[in-house]
Protein chains: 2
Amino acid sequence: MNKKQTYSIGELAREFDVTTRTIRFYEDQGLVSPARRGQTRVYSPADRVTLKLILRGKRLGFSLAESKELIGMYQPSGDNRHQLLALQNKIRQRRDQLEQQLRDIHALQQELDDAEQRCVDAMNDLEK
Amino acid sequence: MNKKQTYSIGELAREFDVTTRTIRFYEDQGLVSPARRGQTRVYSPADRVTLKLILRGKRLGFSLAESKELIGMYQPSGDNRHQLLALQNKIRQRRDQLEQQLRDIHALQQELDDAEQRCVDAMNDLEK
DNA sequence: GGGGAAGTTTACGTTAACGTAAAGCTGTAA
DNA sequence: TTACAGCTTTACGTTAACGTAAACTTCCCC
């Protein structure tokens with residue numbers, strides 16, 4: 001009853017709607033390091049999660065380098081105090097950036113509401 | 001008591017912390033069209049708002065082309081029904097995209113909370 | 001009237017994030 | 001056994017969003 005689930009590059013590409021080229025590119029950039037069976041790449045559930053994080057980062061406007069940083073945050077390999085402090089600083093920066101994005105999004109949503117309303121009004125005018 | 005406020009390209013560049021090259025590039029791409037006094041560009045308050053919208057779009061991960069679309073939404077020059085319907089569809093798409101971003105942000109915030117907590121815990125362990 | 005400081009155009013350079021093509025191995029279903 | 005579906009590497013091409021440099025006007029100040 002062990003979950004020895006693995007994925008091929010094609011499966012993941014289909015699931016996340018990207019090309020295999022893209023996934024290999026992320027590997028080039030050091031964002032994932034799948035196992036190999038011979039030549040062929042074999043992805044673990046953990047690799048899959050990493051891909052998910054990268055793509056979410058993209059949706060949030062992060063560069064691959066930034067996403068790499070973010071993903072690195074989840075395993076503080078920093079075994080000394082200095083590393084941990086640096087890590088906390090980065091986390092704080094991210095949080096500030098996210099807050100700004102939230103403000104931006106709310107403002108934009110408000111404007112879309114207005115724009116849509118104007119749309120509806122204009123169409124109602126055409127009715128008459 | 002009329003507000004005949006105008007801005008030079010340098011003023012706007014300083015205010016928004018971008019280069020003048022950037023602002024001229026946006027003009028090249030048809031995102032702003034400042035007036036001219038001779039050769040020199042003269043920006044109106046409306047131009048300034050447009051710039052603001054572009055930069056907010058950037059923070060949200062929109063391309064310049066997308067921001068241009070978004071900005072175009074605010075003045076429905078579409079005087080016929082078909083235009084208005086197309087407009088509403090675009091607005092709906094934007095809204096969906098924003099909702100996704102919101103979900104992404106909340107998830108990321110949660111993870112940052114966890115990561116920070118692990119940081120604090122690890123530092124406390126070092127204290128002992 | 002000789003510098004700056006700030007504006008202009010023109011044009012080539014750069015980085016990120018892949019796309020696209022070529023050429024080859026590999027299992028398996030007909 | 002061949003045919004193709006899916007995997008591999010290598011490598012050049014592409015797009016967006018500017019950077020950077022050169023060469024030039026214009027205004028203002030001392």
Side-chain angles (χ1 to χ4, degrees), chain A residues 5-44 47-48 50-72 94 97 100-101 104, chain B residues 5-44 47-48 50-72 94 97 100-101 104:
Chain A
Q5 179 80 307
T6 64
Y7 312 88
S8 78
I9 194 170
E11 282 171 348
L12 292 181
R14 248 166 287 132
E15 174 174 359
F16 294 125
D17 196 32
V18 297
T19 67
T20 60
R21 172 68 175 97
T22 295
I23 297 181
R24 291 197 195 95
F25 178 73
Y26 293 159
E27 184 177 350
D28 261 26
Q29 306 302 305
L31 289 155
V32 274
S33 339
R36 299 275 181 146
R37 192 168 44 196
Q39 284 275 77
T40 307
R41 277 165 254 256
V42 179
Y43 295 85
S44 70
D47 292 328
R48 185 172 160 279
T50 298
L51 270 179
K52 230 179 194 168
L53 292 178
I54 297 170
L55 297 176
R56 191 185 65 192
K58 265 192 68 174
R59 289 196 300 270
L60 290 176
F62 294 148
S63 72
L64 290 186
E66 287 173 321
S67 286
K68 191 177 174 181
E69 264 191 27
L70 269 174
I71 292 170
R94 291 296 174 199
Q97 191 181 337
Q100 177 61 50
Q101 282 198 358
D104 287 339
Chain B
Q5 180 80 306
T6 64
Y7 312 87
S8 77
I9 194 171
E11 282 171 349
L12 292 181
R14 248 167 287 133
E15 175 174 1
F16 293 124
D17 196 32
V18 297
T19 68
T20 60
R21 171 70 175 92
T22 296
I23 298 182
R24 290 196 195 96
F25 177 73
Y26 293 160
E27 185 176 349
D28 261 28
Q29 306 302 304
L31 289 155
V32 273
S33 339
R36 299 275 182 146
R37 192 170 42 196
Q39 285 275 79
T40 308
R41 277 164 252 256
V42 178
Y43 295 85
S44 70
D47 292 328
R48 184 171 160 280
T50 299
L51 270 180
K52 228 179 197 168
L53 292 178
I54 297 170
L55 297 176
R56 191 184 65 191
K58 265 193 69 174
R59 288 196 301 272
L60 291 176
F62 294 147
S63 71
L64 291 186
E66 288 172 321
S67 286
K68 190 175 174 181
E69 265 190 27
L70 268 173
I71 292 171
R94 291 297 175 197
Q97 191 179 340
Q100 178 60 51
Q101 282 199 359
D104 287 338

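Throughout, a chain's letter reflects where its sequence line sits, starting with A, and its residues are numbered from 1.
Taking five base pairs at each end of the helix from C/dG1-D/dC30 to C/dA30-D/dT1 and finding the rotation axis that steps the C1' atoms of four pairs onto the next four gives two axes whose angle is 10°, to the nearest 10°.
At a threshold of 4.0 angstrom between heavy atoms, the contacts of B/Ser8 are confined to the sugar-phosphate backbone, with no base atom among them. Here B/Phe62 lies out of heavy-atom contact (under 4.0 Å) with every strand. Across all strands shown, A/Arg37 has no heavy atoms under 4.0 Å from either base or sugar-phosphate atoms.
The distance between atom CZ of B/Arg21 and atom P of D/dA17, rounded to the nearest whole Å, is 13 Å. Between A/Ile23 atom CD1 and D/dT8 atom C1' there is a gap of 14 Å when expressed in whole angstrom units. Between the CG atom of B/Asp28 and the C1' atom of C/dA11 there is a distance of 12 Å, given to the nearest Å. When the P atom of D/dA17 is taken as reference, atom NZ of B/Lys58 falls 9 Å away, rounded to whole Å. Here D/dT25 presents its P atom at 17 Å from CZ of B/Arg41, a figure rounded to the nearest Å.
With no hydrogens or angles considered, no side-chain donor-acceptor pair links A/Thr50 and A/Asp47 at under 3.5 Å.
One cannot find a donor-acceptor pair under 3.5 Å joining the base of D/dT8 and the side-chain atoms of A/Arg24.
Counting heavy atoms from C-beta outward, B/Arg59 and A/Gln100 have side chains that approach closer than 4.5 Å.
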